[in-house]
Amino acid sequence: MTEQPLTEQISTEQTHFGFETVAADEKAGKVMEVFSSVAYKYDIMNDVMSGGMHRLWKRSFIAKAVLPKGGRALDVAAGSGDIAIGLLNKVNRQASVVLTDLNGPMLHEGARRTLDEGLLPGIADCIQSDGTKLPFADNSFDLVTIAFGIRNFVDVPAGLAEFYRVLKPGGQFMCLEFSKPVLPMLDVIYDTYSFNVIPAMGEMITGDRDSYQYLVESIRRFPDQKRFEKWIKQAGFSLVRHDNMTGGVVAMHRGYKV
Ligand code: SAM
């Protein structure tokens with residue numbers, strides 16, 4: 001079997017944007033357009049598309065996170081802030097979380113929600129940044145999380161290398177992402193639902209079918225559980241493992257900087 005290259009890029013000039021092949025320097029702009037377009041309806045669409053399941057996936061993810069009292073976490077691609085808010089509530093606000101996202105309108109939703117929860121500033125801070133070029137010193141965080149964000153990166157290994165760099169020795173990295181169903185027939189049901197229902201729902205609720213078409217295509221393009229685990233190890237992480245949720249529709253990957 002031929003090993004697939006350790007990058008989402010097809011060549012140095014080309015990459016995937018869903019099922020489309022685009023110039024590598026074009027992808028980030030296209031991803032920005034998608035999230036700028038869906039930001040104001042992002043939370044409601046998550047509930048509708050997943051039938052509320054995303055809340056359970058995130059709850060299980062937060063339950064496994066290790067954030068010490070007085071510790072500092074970084075939530076990359078934080079969007080509207082579900083993970084950051086969940087982490088802070090888990091530790092009774094006795095820690096701090098930095099929310100970063102490349103997209104201004106999405107981060108604005110995160111800032112609005114953390115402000116509503118009384119977490120801004122100080123306990124939670126919002127910083128706009130690309131996950132592959134984080135504006136933080138080496139060894140700055142006890143925990144780095146990313147949920148449903150990494151498959152949008154132009155260069156996933158570059159992102160993983162950044163997460164490793166900013167994590168303190170002993171720190172935990174956690175990633176929640178759509179993955180490959182592992183139960184018989186689930187892939188067929190899931191594909192039918194994804195390609196026939198989600199773009200139509202996107203059109204109905206947000207008036208933007210194309211963004212949700214990209215969403216389902218980007219999920220199919222993302223590496224499966226084992227391959228992604230390998231990428232995480234290759235970034236330097238130890239004790240890397242994954243847990244499937246909903247039969248592998250979603251997977252939680254964990255690793256440590258030792
Ligand atoms: N983490 C949130 C959640 O679980 O609800 C938001 C997930 S949303 C599907 C994906 C997020 O990834 C968007 O907010 C998008 O702007 C962000 N994103 C995409 N590419 C990024 C990059 N290169 N660096 C940082 N954030 C990025």
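Indexing begins at 1, ligand by ligand and atom by atom, following the structure's order.
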Is there a nitrogen or oxygen of [X] sitting under 3.5 Å from a nitrogen or oxygen of ligand 1?
X    : result
S80  : no
F148 : no
K58  : yes
A147 : yes
A77  : yes
D101 : yes

Cation-aromatic face contact R220/Y190, 6.0 Å, 45 degrees: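 Cation-pi check for R220 and Y190: passes.
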Ring-ring centroid check F237 Y164, cutoff 6.0 Å: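 Ring-ring flag for F237/Y164: true, centres closer than 6.0 Å.
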Option nearest atom 19 (C) of ligand 1 (shortest heavy-atom distance, choices N152, D130, L99):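 Shortest heavy-atom distance from atom 19 (C) of ligand 1: N152.
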No-hydrogen, no-angle side-chain donor-acceptor test under 3.5 Å, D101 and Q128: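 Q128 and D101 do not have a side-chain donor-acceptor pair below 3.5 Å.
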Working for salt bridge (charged side-chain N to carboxylate O under 4.0 Å, His left out), residues K64 and D243: CA-CA 11 Å; K64 299 283 183 197; D243 297 286; over 6 Å; no
Side-chain ion pair, D142 and K168, N-O less than 4.0 Å: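 Here D142 pairs with K168 in a salt bridge, since their nearest N and O are under 4.0 Å apart.
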